[in-house]
Amino acid sequence: MLHKSDKRLLTFISLMPIALIGIFTLVLNAIVIHENQTKVGSLIQSLYSDALTQEKGRVKQQVDSIYEQIIYEDNLAEQTLKKSIQYRIEDAYSIIHFIYQQNEEKTKPEIIKLIADALRQTRFNDGRGYFFIYDMDGTNLMHPIFPEYEGKNLINFTDIHGKRVVEDHVKMMREKGEGFSQWWYPKPDNKDEAFEKIGYAKYFEPLDIYIGTGEYVIDVEEDIQQILLAWISEVRYGDDGYIFVFDHSGNILSHQDKSLINTNIYNKTDINPYEFMNTLNSKFDDNNSRFSKYLNRLDAFNNGSDSQLSYIKKYDKWDWVISGGVYTDTNKRLLEKKEKILIQQNQEELKKILLLTLTLALILTLLSLSVSKYVAMRFNKFQDRICNDFKVLEKTKNKMQYMALHDGLTQLPNRVMLESRIEEEIVKAQQSGKMIALMFVDLDDFKKVNDHYGHDVGDKLLTLISSRFSHFIEKDEIVARFGGDEFVFCFSNLTSQQDAELWVEKIQSVFENVFSINGKEITTGCSIGVAMYPKDATCSSELISKADIVLYKSKDVHKGASLFFDKSIDEQVSYEFSLEEELKNALDKREVTLVYQPQIDTKTGEIYGVEVLSRWCNNKLGSVSPVKFIAVAEEIGMIDQLGDFVLQQACEDIQEVMPNGTNAIMLSVNISPKQLIKKGFLSRIMKIVSRTGIDVSRITFEITENILISDLKSVSPILLELQKLGFGISLDDFGTGYSSLSYLNILPITEIKIDRSFVSSLFTNDQSESLIKAIIAIGASCQMTVVAEGVETKEQLEKLKEYQCDLVQGYYLDKPLSISELKAKYA
Ligand code: C2E
Ligand code: MG
Ligand code: MG
């Protein structure tokens with residue numbers, strides 16, 4: 001099952017790529033379009049600017065080449081002039097020479113007349129050119145323009161600049177025979193003004209005359225200019241480019257449109273004279289040229305456009321302004337065509353790109369759709385798998401959680417859960433002000449059930465008891481298996497200890513009925529220790545520990561008892577604690593001492609032996625009974641240490657006071673079964689015995705009968721070993737255990753010690769008497785020494801003597817004595 005958020009995620013996963021592709025395509029297309037348009041824009045711009053640059057270059061080149069041509073032609077003018085007049089004079093000279101040859105016989109004046117007649121009418125250079133002839137004395141012989149000069153001596157003639165023209169000619173003729181000269185002279189059609197002239201003259205020696213001609217420089221220039229202007233008006237470049245020339249005054253000197261020649265730009269209505277002047281007066285570059293936008297306007301009257309650019313170059317010498325138009329309009333049309341093509345090409349390209357991106361986007365969309373579909377499918381599968389895994393996990397987790405909090409056998413809550421439940425109940429109790437009773441329940445003799453019926457039955461018994469427990473508790477109450485055969489109950493909402501006592505009874509009632517397991521009927525009981533909240537403890541661990549202590553104490557009282565925690569128990573516990581602590585150092589502090597209680601032979605009345613007994617006097621705890629501290633020493637694992645000390649000390653003492661020999665007395669040493677089963681016990685005692693030198697046969701080890709049962713298996717081989725080594729073995733406190741008699745058969749016992757309880761009740765309890773009699777009889781039949789301990793009265797002694805008890809021991813005979821007392825009395 002998919003959650004709403006998962007569904008949304010799936011939709012998101014499937015739509016996201018499409019949206020991304022869409023956005024990507026849009027952005028890409030926008031970029032492509034933008035890029036394309038920018039590219040087209042810049043292409044068009046560069047198309048135009050390139051064309052303009054090209055056009056500008058072309059017009060500049062054109063104007064510059066025309067300018068070059070003008071300079072060239074201008075420079076050539078003088079040379080041309082000179083050459084042409086020289087040719088003319090050479091021609092005339094030939095004529096003169098010819099005439100002279102033909103008329104050699106004639107007089108000089110006659111020949112000169114013939115020559116004059118021949119040459120007078122000769123005109124050239126548009127009628128401006130003519131010949132003149134002078135005699136070498138400066139007399140004019142022919143002058144077609146000023147005939148009045150003929151016959152006159154003009155040797156002193158000067159031009160407007162004071163040049164002696166004729167004199168200079170004559171001089172040059174005499175020196176060189178021919179040559180060029182320069183002077184200023186009026187024109188035939190303008191005699192009032194003088195113009196610069198370049199002339200050529202040649203001396204004709206036979207007649208001692210010279211012939212000359214001249215040409216006005218200005219005329220030649222004008223000719224050249226006219227030729228140039230005519231040529232310029234015909235110059236074309238590009239498709240419709242042309243050059244035109246005007247002067248500073250605005251007169252159009254050359255133009256492709258001939259009708260415009262000699263018209264004035266100022267007269268054109270669409271020309272702003274001021275602007276025009278401004279253009280001409282603006283700064284020109286070093287080549288006296290510049291591009292001008294304004295001058296396009298010059299063409300405005302020609303082709304109605306004002307969007308052209310002109311290149312103008314001034315030739316100041318002739319006051320010419322040469323101009324060429326960059327005919328952008330025509331170009332524009334061309335360019336517009338190109339632009340259209342370019343745009344079209346670009347649009348095609350763009351279309352292709354867009355088509356490609358759209359196709360790509362479509363493919364990607366389809367691809368992403370199928371991928372997302374696949375992902376969704378996988379996702380669903382994963383989801384299902386995860387769901388299943390989660391279920392399994394959840395189950396396992398719950399199971400583990402349950403296992404972590406419950407006992408595997410009984411399914412009751414375990415210690416962990418118990419503690420947290422107790423804490424919860426404590427919180428509730430804090431609010432309600434009610435009490436809580438924590439009951440520690442321990443099954444009595446459960447070990448026996450296990451040993452007797454087997455663990456399987458033991459487990460079933462625990463399960464049965466657990467189910468009976470869980471049946472009678474209510475909702476807020478807790479029963480937990482604490483471990484082994486221990487159960488803990490927690491009862492809350494109590495108002496008094498009496499409430500708790502009712503629960504104790506209920507728990508005990510569970511054990512009233514027998515438990516039938518595997519066809520066997522088992523009866524068992526329990527001991528209960530109770531701790532109350534808030535009186536005894538305020539937290540779960542403390543409550544449990546106090547209930548445990550009190551349980552332990554109740555077991556001490558008797559099995560099946562129940563006990564409530566109180567101050568005395570608390571004190572007892574702390575006493576036991578300090579007892580433990582003090583005992584650990586007791587040997588080092590030499591606090592443990594030994595006393596010896598004599599055992600008297602009833603037949604002789606003599607001392608037979610002594611029983612060594614430990615005494616511990618601590619400055620904090622005072623005198624502590626060996627019953628207590630031996631048990632503690634067993635618990636804390638220092639019994640072997642203590643035992644070794646006792647044996648060592650006793651052997652030393654006895655050897656010293658009553659050494660081995662015929663009258664040597666016996667030594668009885670109490671041994672704890674725990675001490676017996678400790679590794680190396682035998683080797684240790686042997687070491688002590690050999691070190692002190694006491695006879696092994698003098699030593700009897702007393703083993704308390706009622707403790708023996710638990711360690712029988714491990715103890716009996718050691719006892720056999722002891723017997724082999726020669727030690728005596730006494731069964732102490734005989735009659736207090738369960739199987740006293742059975743031990744006599746299986747263990748290598750050499751002595752029986754009747755427990756003092758039987759001796760003390762010898763006269764009050766018939767059973768005691770008969771038991772004593774029986775023990776003595778058994779001892780006699782089994783060759784075992786029988787000792788009666790706790791003999792306190794004469795009557796008891798007499799009776800025991802009567803029954804033929806071997807040895808007696810007790811206060812009536814002797815209290816336990818220090819070694820020195822023993823020595824003083826018996827050595
Ligand atoms: P037990 O071996 O039965 O020792 C005899 C106990 O009876 C001694 O008590 C002794 O003082 C006491 N007793 C002797 N005559 C009389 C009497 O006429 N009337 C009364 N009421 N009591 C009498 P004690 O010394 O307190 O020792 C108690 C027990 O402690 C011993 O019982 C023995 O089992 C154990 N014990 C003592 N010293 C040692 C020891 O060094 N090692 C071991 N393992 N146990 C020891
Ligand atoms: Mg004893
Ligand atoms: Mg005893």
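All ligand and atom numbering here is 1-based and tracks the order in the structure.
In this structure, Thr700 contributes its side chain and Ser730 its backbone to no donor-acceptor pair below 3.5 Å. With hydrogens and angles disregarded, no donor-acceptor distance shorter than 3.5 Å links the side chain of Arg481 to the backbone of Asp407. A side-chain donor-acceptor contact under 3.5 Å links Asn660 to the backbone of Gly693. A donor-acceptor pair under 3.5 Å is absent between the side-chain atoms of Asp548 and the main chain of Ile544, judged by distance alone.
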Checklist entry - Which is it for Val786 and Ile754 under the side-chain contact (heavy atoms from CB on, under 4.5 Å) test, yes or no, and what are the steps along the way? => result CA-CA 7 Å; Val786 178; Ile754 302 166; 3.6 Å; yes
Checklist entry - Do Asp695 and Ser697 pass the side-chain hydrogen bond (donor to acceptor under 3.5 Å, both in side chains) test, and can you show the C-alpha distance, the side-chain angles, and the key distance before you say yes or no? => result CA-CA 5 Å; Asp695 271 348; Ser697 58; 4.5 Å; no
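Closest to atom 22 (N) of ligand 1 by heavy atom, among Tyr811, Phe645, Phe629, is Tyr811. In this comparison of Ser757, Pro673, Ser614, the heavy atom closest to atom 39 (C) of ligand 1 sits on Ser614.
Among the atoms of Glu789, an N, O or S atom is found under 2.8 Å from the Mg ion (ligand 3). At a threshold of 2.8 Å, the Mg ion (ligand 2) has no backbone or side-chain N, O or S atom of Asp733 nearer than that distance.
Remark: minimum distance from atom 27 (O) of ligand 1 to any protein heavy atom is reached at Pro626 CG, 3.5 Å. Atom 20 (C) of ligand 1 has Glu792 OE2, 3.2 Å as its closest protein atom, hydrogens excluded (heavy atom only). At the shortest separation from atom 29 (C) of ligand 1 among protein heavy atoms lies Val627 CG2, 3.9 Å. Residue, atom and distance of the protein heavy atom nearest to atom 8 (C) of ligand 1 are Leu613 CD1, 3.8 Å.
Phe491 and Phe472 have parallel rings, their planes meeting at less than 30° on a 0 to 90° scale where 60° marks the start of perpendicular.
Residue contacts with ligand 1, taken as heavy atom pairs separated by less than 4.0 Å, involve Gln597 solely via side-chain atoms from C-beta onward. Contacts with ligand 1 closer than 4.0 Å are made by side-chain heavy atoms of Arg756 only, the backbone lying farther away.
Distance check on atom 17 (C) of ligand 1: some protein heavy atom falls below the 4.0 Å cut-off.
Geometrically, ligand 1 and Gln809 share no nitrogen or oxygen pair separated by less than 3.5 Å.
Ligand 1 places these atoms under 4.0 Å from at least one heavy atom of Val791: 18 (O). Within ligand 1, counting atoms from 1 as listed, the ones closer than 4.0 Å to a heavy atom of Gly810 are 15 (N), 18 (O).
Between Asn670 atom OD1 and Asp732 atom OD2, the angle centred on the Mg ion (ligand 2) amounts to 80° (nearest 10°).
Heavy atoms of other residues, nucleotides or ligands lying less than 6.0 angstrom from CD of Glu542 number more than 12.
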